[in-house]
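Accompanying notes for the structure given below.
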Protein chains: 2
Amino acid sequence: MTESAGTPENVSRRRFLTKVGMTGGAAALYGSLGALGLVATPANAETVRFVPPTSTDLAATSRRKKVAILGAGTAGLTIAYELGKAGYDCHLIEARGRPGGRAWTVRGGDKHTDTDGVTQVAKYDKGQYFNAGPSRIPSHHVTLDYCRELDVAVEPMINANAQGFYYNENTPTTDFGPLASTRITHRQAKADAYGYIAEILATVANQGALNSLMSAADVERVVAFANSFGGLSGGKYLGNNRRGYNTPPGAGDQPGTVAGPPPSMSAVLQNQLGDRFAFEFGFDQAMMMWQPVGGMDRISAALADAVGKHRITYNAEVTQFDNTAQGVRIAYRRNGKLQRLDADYAVVTIPPMVLKTIPSNLSTATKDALTVPVGSNTGRMGIQFKRRFWEQDFKIFGGVTHTNLDVSGIYYPSFGYMSRKGVVVGYYSGAYTNLSVADRVTRAVEQGVKIHGEVYREEYQNSFSVAWPKVPYSLGGWVQWPGGRGAAYLHLLQPDGNIYFAGDHLSYYTAWQNGAFLSARKVVMDLHQRVTSTN
Amino acid sequence: MTESAGTPENVSRRRFLTKVGMTGGAAALYGSLGALGLVATPANAETVRFVPPTSTDLAATSRRKKVAILGAGTAGLTIAYELGKAGYDCHLIEARGRPGGRAWTVRGGDKHTDTDGVTQVAKYDKGQYFNAGPSRIPSHHVTLDYCRELDVAVEPMINANAQGFYYNENTPTTDFGPLASTRITHRQAKADAYGYIAEILATVANQGALNSLMSAADVERVVAFANSFGGLSGGKYLGNNRRGYNTPPGAGDQPGTVAGPPPSMSAVLQNQLGDRFAFEFGFDQAMMMWQPVGGMDRISAALADAVGKHRITYNAEVTQFDNTAQGVRIAYRRNGKLQRLDADYAVVTIPPMVLKTIPSNLSTATKDALTVPVGSNTGRMGIQFKRRFWEQDFKIFGGVTHTNLDVSGIYYPSFGYMSRKGVVVGYYSGAYTNLSVADRVTRAVEQGVKIHGEVYREEYQNSFSVAWPKVPYSLGGWVQWPGGRGAAYLHLLQPDGNIYFAGDHLSYYTAWQNGAFLSARKVVMDLHQRVTSTN
């Protein structure tokens with residue numbers, strides 16, 4: 001399965017629905033089906049309001065409960081952070097040498113070895129970085145609340161920009177017509193697609209085709225909308241300045257000349273770029289979007305600081321974990337030495353693909369459930385260019401170029417505007433996973449050249465690529481539930497003895513930090529309720 | 001004439017065209033008419049490439065030419081800056097105590113007296129500000145090139161945000177139907193309008209109404225577009241998660257429930273919010289937009305620094321300016337004392353509404369031309385709130401609420417996210433010009449309460465309002481050319497003897513700093529060419 005979370009593809013409606021069902025989960029599917037009426041609303045779909053545990057809740061307990069948390073990614077850190085507020089004695093065991101898990105910001109000097117033994121060292125300049133994992137935060141995610149609470153400064157993450165390009169190349173099955181293999185700005189694609197769609201609306205309205213569908217007053221309103229939305233001239237789309245200018249308006253006697261003429265209606269329809277517009281209306285993709293200043297890992301760094309260094313053991317690989325009569329026992333290897341941690345409870349945030357290989361005395365049902373989810377095949381390359389040609393030559397300041405080339409998207413950096421160099425995300429795709437690092441570079445640059453021209457090759461300086469299925473302790477970009485969230489998903493929502501499970505994969509926000517936060521909060525509440533009701 | 005540059009109103013197509021003709025100038029009008037084919041392209045509409053003068057250009061001249069520049073706004077400063085590169089001896093005479101003219105950033109402690117004698121002192125907290133004049137920079141404006149050249153850091157100016165609201169209240173002439181006086185997020189307005197428009201397209205396509213307009217393959221593509229664009233279910237719009245959620249997707253067994261059901265097609269059409277969407281596709285309004293970090297006046301401050309303090313005389317009101325046999329003579333009053341400046345040339349950037357009252361020996365034709373343009377009636381209020389309730393309660397981080405209330409728009413600050421307080425632009429409108437300062441506050445807050453509820457009143461802390469027609473030395477938000485750019489405009493593009501005219505009003509970018517920069521560059525080239533060809 002090759003997926004790019006949130007990256008639109010030029011898909012048929014059926015494929016779109018299959019896709020959201022697969023990656024966006026039932027919530028997205030419900031939405032797409034127009035839940036109300038078509039799909040019964042689950043009875044338990046109420047807002048579960050998070051109430052952080054407080055120390056006064058535990059006054060009645062005889063002693064501080066000890067909680068072992070396996071994995072110091074967003075979920076694990078949040079559990080320690082929230083339980084810590086109430087005085088729980090939390091200990092995080094983390095296989096990596098850093099917190100954050102997949103919330104990984106790659107900077108110059110960072111060294112990484114894949115499961116296949118291939119090592120890369122990032123050569124980015126000081127101040128440059130790229131987010132290999134989560135990279136955008138919608139305004140409504142709880143992630144932003146944690147940024148506020150933890151004093152993590154945020155800045156806009158530019159997820160849509162009129163100056164970005166669309167680019168569709170013909171495939172063996174689709175002929176995109178005269179505009180195939182042509183870079184077209186979002187600005188121009190929208191002006192043309194909306195222009196012609198509006199012309200069609202105005203035409204059928206004038207022909208009386210809408211009269212049976214609505215009142216005469218509403219027909220008039222559709223026509224008014226069409227004129228405004230399409231920028232029509234006498235009911236026709238003839239181009240307009242939303243497309244941009246060949247000669248911009250200037251001083252003196254220079255009114256400018258609009259870029260044009262527009263391509264024909266048929267050429268615009270055949271290029272199918274309009275099918276990509278809905279990406280920008282997506283609940284989780286619509287602007288405004290946000291990113292922490294300095295890299296996505298600023299959130300996990302702030303969480304780790306809040307939790308406290310003494311509570312996190314890095315470079316510690318869990319070798320076994322078991323329920324015991326008194327609680328749980330965790331074994332882990334650190335610096336070649338086997339160590340042990342006994343606790344009252346454990347919360348495991350290790351992805352199922354990794355977890356299922358670690359010995360434990362979990363029930364057979366739990367072990368079976370852990371074998372169901374699979375890791376998604378996706379990856380990213382951050383390319384440092386010697387010059388911000390996308391800004392200087394193309395007036396693209398942040399934003400995305402969407403394409404059906406296998407790079408899927410080119411993401412321009414949302415920081416360091418107008419400085420000298422920058423790191424562009426050269427692909428967001430699973431298509432590069434099984435290429436050598438060198439071949440990834442060659443291929444990604446080749447695709448970039450198709451869109452930006454030779455400048456993309458000339459200004460290339462260095463790059464670092466992440467293939468998530470090959471990243472130790474992750475083994476996938478995110479977790480997928482083949483066939484949807486079924487019995488296995490439901491099973492893992494419950495503890496196995498004293499062992500709880502958490503992570504974005506146990507939420508309806510897979511592949512988003514929001515899911516990790518929400519899952520963490522749920523387990524915090526579940527565990528805290530058990531503790532307070534037991535004691 | 002009451003105008004808000006770039007602020008859309010709910011206008012009919014004809015009114016829209018009249019509007020762009022009035023404020024956007026012929027360029028916008030050409031564009032709207034689909035210049036190509038409908039309107040002949042002006043023969044002289046070529047790109048005039050700016051080549052800054054250099055000192056080597058002047059090697060042949062016997063002495064450095066002295067240039068008096070009246071007005072240290074963006075145009076005047078740019079002229080001094082660019083001519084200065086070639087060694088011209090420039091002197092700026094500025095009536096205000098600061099550079100920048102209408103590029104005015106209001107901060108705590110700023111004191112201002114209107115032409116009617118009313119004085120306000122801004123009470124904003126340290127670090128808070130609002131831009132009373134230009135406030136956004138599109139990615140393609142030369143303004144951004146100057147920011148780069150002058151090392152002025154920029155940050156995104158959020159001109160569109162899915163979380164912002166639309167709000168239409170019934171008027172004596174328009175009934176907006178069941179959704180009148182209801183705040184609706186951009187997210188939801190788009191989901192619903194696009195949903196129903198798509199449903200109409202799919203329906204008429206299925207009825208065969210498109211068959212005479214295009215090929216069968218293109219009809220299929222229109223249907224595919226409609227399904228994607230509208231998020232349809234079986235050809236119908238039944239709502240979808242682009243609208244948002246009543247219960248958001250969460251952890252565990254919580255898929256969420258989509259916000260709905262959507263209003264009826266007729267209700268959506270009657271509310272006419274779709275007529276506002278095109279604002280976001282505008283050539284000069286489409287995201288990404290930018291603002292200098294710290295306030296728009298950082299650009300003029302940087303220009304003033306580059307020009308040099310010794311070249312700018314502040315608090316100097318021009319009392320007379322004349323062509324002389326040798327060049328020009330400028331008289332100005334400073335600290336009650338009349339002073340004189342002789343120079344070879346003068347460039348006057350004072351707005352025509354002010355300039356026409358200053359004695360001079362300009363030709364009658366020039367004086368007549370100066371009486372043609374008029375100042376636009378517009379203004380803004382910056383309201384400091386004690387709490388960023390728009391972020392905390394409404395998840396609105398930057399962006400705009402558009403409304404047909406007379407505030408026209410509410411602009412949420414694009415900086416200081418997640419901090420405690422913030423300054424919101426409470427109106428952008430000429431409707432408040434003739435109210436007392438206190439009445440402006442009462443009325444603006446009352447309108448805000450309609451949209452945001454009582455929180456808008458409760459969190460109000462202080463405000464400062466600017467009524468541009470009453471601002472000394474400006475007498476209007478920008479210059480309007482009644483009937484369009486005609487003979488008077490063309491006349492002022494030429495020097496009157498040794499006196500040149502510059503400013504955004506002498507460009508096709510009225511009301512944008514871009515226009516001031518472009519006009520300045522044109523005059524710099526005109527003057528430099530005259531000097532080099534004369535000597």
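Keep in mind that the numbers below use all heavy atoms, side chains included, and drop hydrogens, waters and symmetry copies. Per chain, numbering begins at 1; letters A, B, ... match sequence-line order.
Every residue two or more places apart in sequence or in another chain that forms a ring-ring contact (aromatic ring centres under 6.0 Å, His included) with A:Y417 is listed here: B:W290. Under the side-chain hydrogen bond (donor to acceptor under 3.5 Å, both in side chains) criterion, B:N161 pairs with no residue at all, not counting sequence neighbours.
B:A191 does not touch chain A: none of its heavy atoms, backbone or side chain, sits under 4.5 Å away. B:L213 touches chain A through its side chain: at least one heavy atom from C-beta onward sits under 4.5 Å away, while N, CA, C and O do not. With a threshold of 4.5 angstrom between heavy atoms, A:R187 approaches chain B through side-chain atoms but not through N, CA, C or O. Heavy-atom distances place the side chain of A:T203, and not its backbone, under 4.5 Å from chain B. For B:D151, no part lies near chain A; criterion is any non-hydrogen pair under 4.5 Å. Using a 4.5 Å cut-off between heavy atoms, B:V154 contacts chain A through both its backbone and its side chain.
Chain B forms more heavy-atom pairs under 4.5 Å with one residue of A:Q392, A:R221, A:K395, A:M214 than with any other, namely A:R221. Highest contact tally toward chain B, considering only A:Y237, A:F517, A:F283, is held by A:F283 [criterion: heavy-atom pairs under 4.5 Å].
Separating the CG atom in A:L201 from the CG atom in B:L201 is a distance of 4.5 Å, to the nearest 0.5 Å.
Outside the 6.0 Å centre-distance limit, the rings of B:F277 and A:Y194 are not counted as a close aromatic pair.
Of the charged side-chain nitrogens involved, none lies within less than 4.0 Å of a carboxylate oxygen, so that B:R242 and A:D284 do not count as a salt-bridged pair.
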